[in-house]
Structures are given as C-alpha cells and as structure tokens.
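Some notes on the structure that comes next.
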Amino acid sequence: MQVIAFVTQKGGSGKSTTAASIAVAAFQQGRRVFMLELDRQGTLSDWIESREAEEGPDCERIDATALETALATLKGANYDLVVIDTPGIDSPGVNAAMRSANLCLIPCRPTATDLRGCLPTVQSLIRLEKPFAFVLTQCPPRSNRVEETRAGLAALGLIAEPPIVSRADHQDAMAAGMGVTEFNEAGAAANEIKQLWIWIENKLEPKGKRNVVKAA
Ligand SMILES: Nc1ncnc2c1ncn2[C@@H]1O[C@H](COP(=O)(O)OP(=O)(O)OP(=O)(O)O)[C@@H](O)[C@H]1O
Ligand SMILES: [Mg+2]
C-alpha cells in the first residue's frame with residue numbers, strides 16, 4: 001500500500017481539490033483508493049457526501065491520533081493507495097501525515113507568497129528525509145509567473161508535471177462531488193490531472209521496477 005499526502009501550511013493552495021481529483025484518477029486507473037482527511041474543515045467529507053457516483057475512492061475524516069491505526073486497517077483491507085489531505089496549518093496531524101507518506105506533494109500557486117509559504121513545510125520534509133515534490137496549482141494559462149515560480153521551486157526540490165492550470169472544471173467538479181476526470185473527461189483539466197497521476201505513480205514506483213519478471 002502506498003501513501004501520498006498533500007501538505008503545505010499555505011491555506012487555499014489547492015490541497016483538497018487536487019487530492020480529490022488525483023484520488024478519482026487513480027481509482028479510474030484501477031487503484032483501490034482510500035482518502036483520509038485530517039482537516040476539521042471537512043472539505044473532502046463534504047465532497048464525498050455530495051458524490052452520486054456509485055464507484056470511486058472511499059473517504060473518511062479522522063483525527064491525527066487515529067492515523068496509524070487507520071493505515072493498518074486499510075492495509076489489511078487491501079487498499080493499495082491512500083491519499084491524505086491535511087489542514088493548511090502547522091499541526092501534529094500534518095506531521096503524522098508526512099511521516100506516514102511514501103511521497104508528499106506540496107501544492108503551490110505561482111505567487112511569491114505561496115513560494116514563501118511552503119518553506120516551513122519543505123524544511124520539515126527535509127528534516128524527516130521524506131521524498132516530496134511541488135505541484136504548481138491554479139496557474140494562469142499564459143504567464144511568465146509560472147516559469148518564475150518554477151525556477152524558485154526548482155532550487156528547493158523536485159517539481160511534479162504538468163502544472164495544474166486554474167480552470168472552472170476544478171471548482172465545478174468539487175461542487176458536484178466529482179473528480180475533474182469524471183466531470184469533464186475530455187477537458188484540459190482532466191488531461192492535466194491524468195498526466196499528474198502518471199507522474200506521481202511513476203515517482204512512487206518507477207516504471208522499470210514495476211512487475212519485473214525475472215528471466216528463468
Ligand atoms: N486548479 C484549480 N483551478 C481553479 N480553482 C482551483 C484549482 N485548485 C483549487 N482551486 C480553488 O481554490 C480554492 C482553494 O482550494 P482548496 O480548498 O483545494 O485548497 P486547500 O489547500 O485545500 O485549502 P485549505 O488550506 O483551506 O485546506 C477553492 O475555491 C478551489 O475551488
Ligand atoms: Mg483543504
């Protein structure tokens with residue numbers, strides 16, 4: 001079972017929105033996905049409540065103190081991907097999520113404030129020696145700000161591809177209890193999320209190492 005956590009103290013950077021769509025995209029690609037929400041704000045619990053689709057990722061909001069037990073239960077129940085959403089504040093829950101994750105994703109809007117805002121998270125992850133990658137989110141479709149932010153982030157760590165553009169599909173999909181790949185399967189937002197999931201999956205388990213069959 002692999003665990004990914006969306007983390008950054010910077011509020012509103014796109015943790016919950018990106019987590020929901022990535023969880024759905026992974027489910028559509030055949031993963032058994034459980035989403036754990038450590039945020040009392042309840043963005044993902046509200047989202048799952050409004051879902052009408054019969055199939056998809058499962059989701060539960062839990063307290064940080066229950067994380068370890070929850071992960072053990074999910075492993076026993078044969079889930080193979082857990083997506084953790086965390087609050088936009090420094091808290092014991094965020095720390096617990098970072099510790100339990102195979103890969104942490106730091107959504108970052110292309111602004112100087114977001115770049116600065118994610119520094120404490122980066123420092124914590126370096127201290128914990130956890131693999132992490134930035135995800136550029138809510139990017140304007142055409143702006144050199146994205147490249148400027150990319151350059152700033154590249155000095156701090158790996159950047160996941162592609163950047164996620166700011167699109168109404170993300171907001172409308174969340175409101176409808178869907179991932180963007182369900183809401184508008186052929187749309188640009190869906191395409192970016194599908195590519196981002198491929199990037200994440202490859203990072204979790206590089207292609208060359210998947211299903212390696214040894215020659216007799
Ligand atoms: N790619 C996107 N395109 C357009 N809007 C987006 C995108 N990603 C997020 N948003 C919007 O930005 C706002 C903040 O997103 P979200 O709630 O996912 O951030 P968050 O990091 O989880 O916030 P918090 O720190 O409060 O938990 C929401 O209104 C959401 O609809
Ligand atoms: Mg959130």
Side-chain angles (χ1 to χ4, degrees), residues 4-25 35-51 57 59-64 82-98 101 104-111 113-122 124-125 132-143 145-146 149-150 153 159-184 187-197 199-200:
I4 59 175
F6 284 81
V7 290
T8 175
Q9 291 185 27
K10 190 75 196 146
S13 57
K15 294 178 287 295
S16 307
T17 305
T18 316
S21 275
I22 283 295
V24 169
M35 309 175 74
L36 287 175
E37 179 176 47
L38 296 181
D39 189 358
R40 289 202 180 137
Q41 213 178 172
T43 310
L44 290 185
S45 332
D46 290 348
W47 171 79
I48 204 97
E49 278 281 302
S50 57
R51 258 181 92 74
C59 177
E60 201 170 313
R61 185 158 69 80
I62 58 162
D63 205 73
V82 177
V83 178
I84 306 181
D85 185 26
T86 63
I89 41 158
D90 189 19
S91 69
V94 179
N95 230 284
M98 286 178 180
C104 290
L105 296 160
I106 308 177
C108 180
R109 289 167 291 200
T111 66
T113 20
D114 257 46
L115 215 158
R116 266 196 302 277
C118 67
L119 288 178
T121 307
V122 171
S124 302
L125 288 166
F132 69 89
F134 299 102
V135 180
L136 277 157
T137 54
Q138 302 173 58
C139 297
R142 276 172 299 276
S143 164
R145 271 208 220 158
V146 178
T149 311
R150 185 194 282 280
L153 292 176
I159 304 171
E161 298 294 343
I164 304 299
V165 172
S166 180
R167 299 183 196 277
D169 272 3
H170 287 282
Q171 296 161 5
D172 296 343
M174 280 305 276
M178 299 166 119
V180 280
T181 52
E182 296 169 311
F183 182 78
N184 181 6
N191 190 35
E192 285 163 9
I193 287 291
K194 280 183 214 162
Q195 288 182 54
L196 178 60
W197 165 244
W199 190 98
I200 293 169

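Numbering starts at 1 and runs along the sequence shown. We count ligands from 1, going down the list as the structure has it; atoms in each ligand are counted the same way.
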Measuring from Asp169:CG to Ile193:CD1, what's the distance to the nearest 0.5 Å? 10.5 Å

Contact atoms of ligand 1, heavy-atom distance to Gln41 under 4.0 Å: 24 (P), 26 (O), 27 (O)

Keeping Gln195 on the side-chain end and Glu161 on the backbone end, is there a donor-acceptor pair under 3.5 Å? no

For atom 4 (C) of ligand 1, the option (of Gln138, Arg167, Met174) bearing the nearest heavy atom: Arg167

For atom 19 (O) of ligand 1, find the nearest protein heavy atom and state the residue, atom name and distance (0.1 Å precision). Gly14 N, 3.0 Å

Have Asp114 and Ser13 got a donor and an acceptor in their side chains that come within less than 3.5 Å? no

If we only count heavy atoms from C-beta on, is the Leu105 to Lys15 side-chain gap below 4.5 Å? no

State whether the side chain of Ser50 and the backbone N or O of Trp47 hold a donor-acceptor pair below 3.5 Å, judged by distance alone. yes

For ligand 1, which atoms, with element, lie under 4.0 Å from some heavy atom of Gly88? 25 (O)

Do any N or O atoms from the side chain of Ser143 and from the backbone of Cys139 form a donor-acceptor pair under 3.5 angstrom? no

Would Thr43 count as a contact residue for ligand 1, given that I'm defining contact as a non-hydrogen atom of the residue lying under 4.0 Å from a ligand atom? no

Strictly under 4.0 Å, does any heavy atom of Pro87 approach an atom of ligand 1? no

Among all protein heavy atoms in this structure, tell me which lies nearest to atom 20 (P) of ligand 1, with the distance rounded to 0.1 Å. Lys15 N, 3.5 Å

Any non-hydrogen side-chain atom of Gln138 less than 4.5 Å from a side-chain atom of Thr111? no

Taking C-beta and beyond as the side chain, do Pro107 and Thr8 meet within less than 4.5 Å on heavy atoms? yes

Atoms of ligand 1 under 4.0 Å from any heavy atom of Ile164, numbered from 1 in the order shown, are 1 (N)

CD-OG1 distance between Glu37 and Thr86, expressed to the nearest 0.5 angstrom: 10.0 Å

Under 4.0 Å, counting heavy atoms only: does Thr137 come that close to any atom of ligand 1? no

Interfacing atoms of ligand 1 (cut-off 4.0 Å, heavy-atom, Gly11): 25 (O)

CD/Gln171 to OG1/Thr17 distance, rounded to the nearest 0.5 angstrom? 8.0 Å

If the cut-off is 4.0 Å to any non-hydrogen atom of Asp39, which atoms of ligand 1 fall inside it? 27 (O)

Identity and distance of the protein heavy atom lying nearest atom 13 (C) of ligand 1: Gly12 O, 4.4 Å

I'd like to know if the Mg ion (ligand 2) has an N/O/S atom from Ser16 within less than 2.8 Å of it, counting both backbone and side-chain atoms. yes

Heteroatom proximity flag, Gln171 to ligand 1, N/O under 3.5 Å: yes

Quick check on Asp85 - does any of its heavy atoms sit under 4.0 Å from an atom of ligand 1? no

Is there a protein heavy atom less than 4.0 Å away from atom 6 (C) of ligand 1? yes

How does Thr17 reach ligand 1, by side chain, by backbone, by both or by neither, if only non-hydrogen atoms under 4.0 Å count? both

Just to be sure I read this right, does ligand 1 sit under 4.0 Å from the backbone of Thr18, its side chain, both, or neither, counting only heavy atoms? neither

In Å, rounded to the nearest 0.5 Å, how long is the span from CE of Met98 to CD1 of Ile106? 7.0 Å

